[in-house]
**Q** 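Take this structure, written in structure tokens, and hold onto it; I'll ask about it next.
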Amino acid sequence: MRVVDLIRRKRDAGELTREEIEFLVAGYTRGEIPDYQMAAWLMAVLLRGMTKVELAVLTEAMLHSGQTLDFSDLPARKVDKHSTGGVGDKTSLVIAPVVAAGGLLVPMISGRGLGHSGGTLDKLESIPGFNVNLSLAEFRRVLSTCGCALIGQTAEIAPADKKIYALRDVTSTVESPNLICASIMSKKLAEGIDALVLDVKTGSGAFMKKEEDAVYLAELMCETGRRMGKRVVALITDMDQPLGCKAGNSLEVEEAVEVLCGGGPEDLRELCLELAAWMFDLGGRTAGVAEGKKLAAEMIATGRARDKFREIIRLQGGDAAVVDHTGRLPHARHTVDVPSPADGYVAGTQCEHLGVACVVLGGGREKKEDSIDPAVGLVFHRKVGDVVKRGEALCTIHYNCDARLAEARQLIEQSYRIEPSKPRETRPLVHRVIGE
Ligand code: URA
């Protein structure tokens, strides 16, 4: 079998067999197929799509590229949540401790930044000492000790996704429903979970800009999960503006801590409660989503979720004192405001450009080998629908490198649409729920 023939067939919209897809996944995971050939094949998939059979085979091949975990000896139900990615989306940092504090087990395998969207692993690594590369034995120990553990794909679990994910990040091959589905579901199905809540973003800051594309992706993932015997629900949620008021790795940890302490921006808090509620419901912890929401709010109000976050950080080698003193997180040396060019209302944002601005500042990768700057990012002072006066700050840039500032600033300036009258409609936070 020759890789070049498989690339050509997909380029010409042909179908690959099980053996061929398994050959590609195994060969790339073992380092026998070079990045340039895999990148060409991924681009062909992005442009030409896959059949349902090809997608099922790709997901299974990626899932079985490593071990699948079995936590059936641990007494509580195992649930997880995964987002398709957006700007300022730090819900995992809040939800994981909330749900673990509420009595379920959360074995979470997350990803790094992808394209313009941030990644849970990069955010966690902005906490000094936090180790996302636990061995399987350590993962199990942390999970059974405190009810939650957060790691990345490793050489042992979902290694194919680890490599393909990093390649897609820097080759513009993210926005494919098939590749997103295989990436997410291969990791999640390896976790030994009973149930999964998917947060499928839609809007200008999402990979699926149009709602119908987000619904299509949600249905693909729900179908894949159910075929493998899992309870899966997908919430289609809004990403037409950043979630919360901060984007950038350590800034997002700071904002997640605000929510865990009972504060934080309304949209972020609300979405965290909603997603946690579905996890409680699917995990059989509560009789319904409304009760789940109450339980999630209680975990925050009583401080149990915040205590749980401290415990997770400590068990994974991090500085748990950041929860009480966020000044211990990395901070950028410089800040500068981006002022509004006019009086009026924020009518909308080109949210993807705000995410790209974070990458340009050094918060994401442009090449696979790039290291990231955990401290840089953006603080948003106005949400869609808010009034603003000319010269007032729309956003503050946190940066370390002058050379990157001008490009980021231009992206941000072009991202905000200011209009004289208040927008008549605001988009809902949760557009719809798929799969129940
Ligand atoms: N999250 C993932 O894990 N993979 C994707 O492809 C997109 C979001």
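Atoms within each ligand, like the ligands themselves, are counted from 1 in listed order.
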**Q** Return the residue, atom name and 0.1 Å-rounded distance of the protein heavy atom closest to atom 1 (N) of ligand 1.
**A**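 Its nearest protein heavy-atom neighbour is His82 NE2, 3.2 Å.
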
**Q** Checking Lys246 against Phe380: charged group under 6.0 Å from the ring centre and within 45 degrees of the axis?
**A**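 Checked: cation-pi criterion not met.
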
**Q** Taking Arg9 first and then Glu20, would you say they form a salt bridge - that is, a charged N and a carboxylate O separated by under 4.0 Å?
**A**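 So Arg9 pairs with Glu20 through a salt bridge.
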
**Q** Looking at non-hydrogen atoms alone, which of Lys187, Arg168, Glu175, Met185 comes nearest to atom 6 (O) of ligand 1?
**A**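 It is Arg168 whose heavy atom sits nearest to atom 6 (O) of ligand 1.
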
**Q** Establish, from distance only, whether the side-chain atoms of Ser204 and Lys209 form a donor-acceptor pair under 3.5 Å.
**A**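 Absent: no donor and acceptor within the cut-off.
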
**Q** Not counting sequence neighbours, which residues clear ring-ring contact (aromatic ring centres under 6.0 Å, His included) with Phe207? List them please.
**A**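 ring-ring contact (aromatic ring centres under 6.0 Å, His included) list for Phe207, sorted by chain: His116.
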
**Q** Using a distance-only test with no angle check, is there a side-chain donor-acceptor pair under 3.5 angstrom linking Thr84 and Lys201?
**A**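 Per modelled atom types, Thr84 and Lys201 side chains form no pair under 3.5 Å.
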
**Q** Does Leu114 approach ligand 1 within less than 4.0 angstrom via side chain, backbone, both or neither, non-hydrogen atoms only?
**A**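 For Leu114, the contact with ligand 1 is made by the side chain alone.
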
**Q** Can you tell which part of Phe207 has a heavy atom less than 4.0 Å from ligand 1: side chain, backbone, both or neither?
**A**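 Neither; nothing of Phe207 gets under 4.0 Å from ligand 1.
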
**Q** Do NZ/NE/NH1/NH2 and the carboxylate oxygens of Asp35 and Lys368 come within less than 4.0 Å?
**A**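 Yes.
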
**Q** Do me a favour and list the nearest non-hydrogen protein atom to atom 8 (C) of ligand 1 with residue, atom name and distance?
**A**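 The closest one turns out to be Thr84 O, 3.4 Å.
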
**Q** May I ask you to identify the nearest protein heavy atom to atom 4 (N) of ligand 1, giving residue, atom name and distance to one decimal place in Å?
**A**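 It is Ser183 OG, 2.7 Å.
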
**Q** Show me which atoms of ligand 1 lie under 4.0 Å from any heavy atom of Tyr165.
**A**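 Taking each heavy atom of Tyr165 in turn, ligand 1 has 2 (C), 3 (O), 4 (N) under 4.0 Å.
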
